[in-house]
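Written out below as structure tokens is the structure these notes cover.
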Amino acid sequence: MKYYILFGPPGAGKGTQAKFIVEKFNLMHISTGDLLRKEMKEGTPLGLKAKELIENGNLVPDEVVVGMIKSTFANNKNVEGFLLDGFPRTTAQAEMLDKMLQEQNEGVDKVISLAIKDSTIFERIAKRAEIEGRKDDADPATIQNRIDTYHQKTEPLIDFYKKQNKYFEIPGEQTIEEVFDCICKTISK
Ligand code: AP5
Ligand code: MG
């Protein structure tokens with residue numbers, strides 16, 4: 001079983017690239033953001049709990065997302081591998097993922113990181129706000145909080161995975177096709 005992580009700040013292009021990657025490499029896409037938005041849309045207890053946190057640009061508790069990942073792994077035993085998009089996002093999540101995979105004699109294969117400037121994040125999210133209508137895209141203060149949260153809580157994972165020799169960074173400010181080409185080379189090498 002392959003386990004790839006697609007890493008990067010809000011608006012880096014994780015969701016955009018994930019669609020192409022899973023098709024080419026025959027993986028299952030797991031986006032914790034998409035899973036949470038589904039819960040919110042369906043009005044489940046989890047969705048109701050997550051709503052305020054997400055709409056203010058804060059992370060949901062580690063246990064919640066780890067639980068979602070665990071059950072997705074458990075319910076999909078017959079796939080060739082997984083592409084994790086937006087998970088892990090804290091050191092605690094990364095440690096829990098390592099433990100979960102070690103228990104099955106598995107491990108993270110590669111972390112593919114899309115690097116992008118904060119100013120580009122703003123431009124891309126503002127554009128997407130007009131198309132998708134995500135509440136967490138609507139307000140500049142929320143976008144800023146998501147970026148700050150990324151720098152504070154998620155960026156430390158770069159060193160976490162560098163120490164494991166699993167971290168591969170790709171310039172995210174190229175065209176969608178160019179980014180995809182770099183990702184393919186990184187996965188294949
Ligand atoms: P999540 O849904 O994961 O959002 P995010 O990380 O903020 O990332 P985005 O989905 O905004 O961006 P993306 O990188 O997918 O970019 P996209 O491809 O859309 O999380 C949402 C919330 O859920 C979090 O804030 C948190 O509250 C909660 N959550 C989720 N996971 C969690 C976890 N593990 N722990 C705790 N809480 C969690 O691209 C953006 C735009 O740019 C698009 O319009 C696209 O068309 C465009 N674009 C993409 N690539 C290019 C390019 N190369 N050139 C030009 N435009 C491009
Ligand atoms: Mg996304």
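Just so you know, ligand 1 is whichever comes first in the structure, and atom 1 is the first atom listed for that ligand. For this chain, numbers begin at 1 and follow the sequence in order.
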What about F87: any of its N or O atoms under 3.5 Å from an N or O on ligand 1?
no

Sub-4.0 Å heavy-atom approach of R37 to ligand 1
yes

Contact between ligand 1 and K127 is defined here as a heavy atom of the residue under 4.0 Å from a ligand atom; is it met?
no

Contact (N/O only, under 3.5 Å) between G86 and ligand 1:
yes

Do any nitrogen or oxygen atoms of V60 lie less than 3.5 angstrom from nitrogen or oxygen atoms of ligand 1?
yes

Students should be able to answer this: which protein heavy-atom is nearest to atom 19 (O) of ligand 1, and at what distance?
R128 NH1, 2.6 Å

The one among Q174, R146, R89 that brings a heavy atom closest to atom 6 (O) of ligand 1
R89

Determine whether any heavy atom of Q17 lies closer than 4.0 Å to an atom of ligand 1.
no

Measure T90 to ligand 1 on non-hydrogen atoms and call it side chain, backbone, both or neither using the 4.0 Å cut-off.
neither

Look at the side-chain heavy atoms of Ile, Leu, Val, Met, Phe, Trp and Tyr, link any pair under 4.5 Å apart, and say whether L6 and I69 land in one connected group.
no

For the backbone of I5 and the side chain of K110, can you confirm whether one donor and one acceptor N or O come within less than 3.5 Å of each other?
no

Tell me if a side-chain donor or acceptor on K24 pairs with a main-chain N or O of C184 at a distance below 3.5 Å.
no

Got the closest protein heavy atom to atom 16 (O) of ligand 1, with its distance?
G13 N, 3.1 Å

At under 4.0 Å between heavy atoms, which part of R134 makes contact with ligand 1: side chain, backbone, both or neither?
side chain

Could a heavy atom of N58 be found less than 4.0 Å from some atom of ligand 1?
yes

Looking at ligand 1, would A12 count as a contact under a 4.0 Å heavy-atom criterion?
yes

Are the side chain of S113 and the backbone N or O of E169 linked by a donor-acceptor pair below 3.5 Å?
no

Check whether any side-chain N or O of E178 sits under 3.5 Å from a backbone N or O of T175 as a donor-acceptor pair, and report yes or no.
yes

If only atom types and distance count, is the side chain of R146 paired as donor or acceptor with the main-chain N or O of N58 below 3.5 Å?
no

Whether K163 and D159 form a salt bridge (side-chain N of Lys/Arg under 4.0 Å from carboxylate O of Asp/Glu) is what I want to check.
no

Considering only protein heavy atoms, which is closest to atom 22 (C) of ligand 1, and at what distance to one decimal place?
I54 CG2, 4.1 Å

Proximity winner for atom 54 (N) of ligand 1, if only heavy atoms of E52, M68, R124, Q93 are counted
R124

Would you say the side-chain atoms of K14 pair up with the backbone N or O of P9, donor to acceptor, closer than 3.5 Å?
yes

May I ask you to check whether F82 and F73 place their ring centres under 6.0 Å from each other?
yes

Check whether E173 reaches the backbone of K117 with its side chain - one donor and one acceptor, N or O, closer than 3.5 Å.
yes

Counting only heavy atoms from other residues, nucleotides and ligands, does the tally under 6.0 Å from CD of E52 exceed 12?
no

Atom 15 (O) of ligand 1: which protein heavy atom is closest, and how many Å away?
G15 N, 2.9 Å

Structural part of T16 in contact with ligand 1, heavy atom criterion under 4.0 angstrom
both

Taking distance alone, with no angle check, do D34 and ligand 1 share an N/O pair under 3.5 Å?
no

If you look only at pairs with a residue in residues 152-180, which of them pass as a ring pair (Phe, Tyr, Trp, His ring centres under 6.0 Å), with sequence neighbours excluded?
F20-F180

Distance from atom 31 (N) of ligand 1 to nearest protein heavy atom, with residue and atom:
T32 OG1, 2.7 Å

In the protein, which heavy atom is nearest to atom 8 (O) of ligand 1, and how far is it?
K14 NZ, 3.2 Å

Are E123 and K127 within salt-bridge range, i.e. N to O under 4.0 Å?
no

Under 4.0 angstrom from ligand 1, any heavy atom of G11?
yes

For E132, which part has a heavy atom under 4.0 Å from ligand 1: side chain, backbone, both, or neither?
neither

Taking only non-hydrogen atoms of T175 and a 4.0 Å limit, the atoms of ligand 1 in range are 53 (N)

At a non-hydrogen distance cut-off of under 4.0 Å, which region of L36 contacts ligand 1 (side chain, backbone, both, or neither)?
side chain

Residues K19 and E23 bridged, charged N to O under 4.0 Å:
no

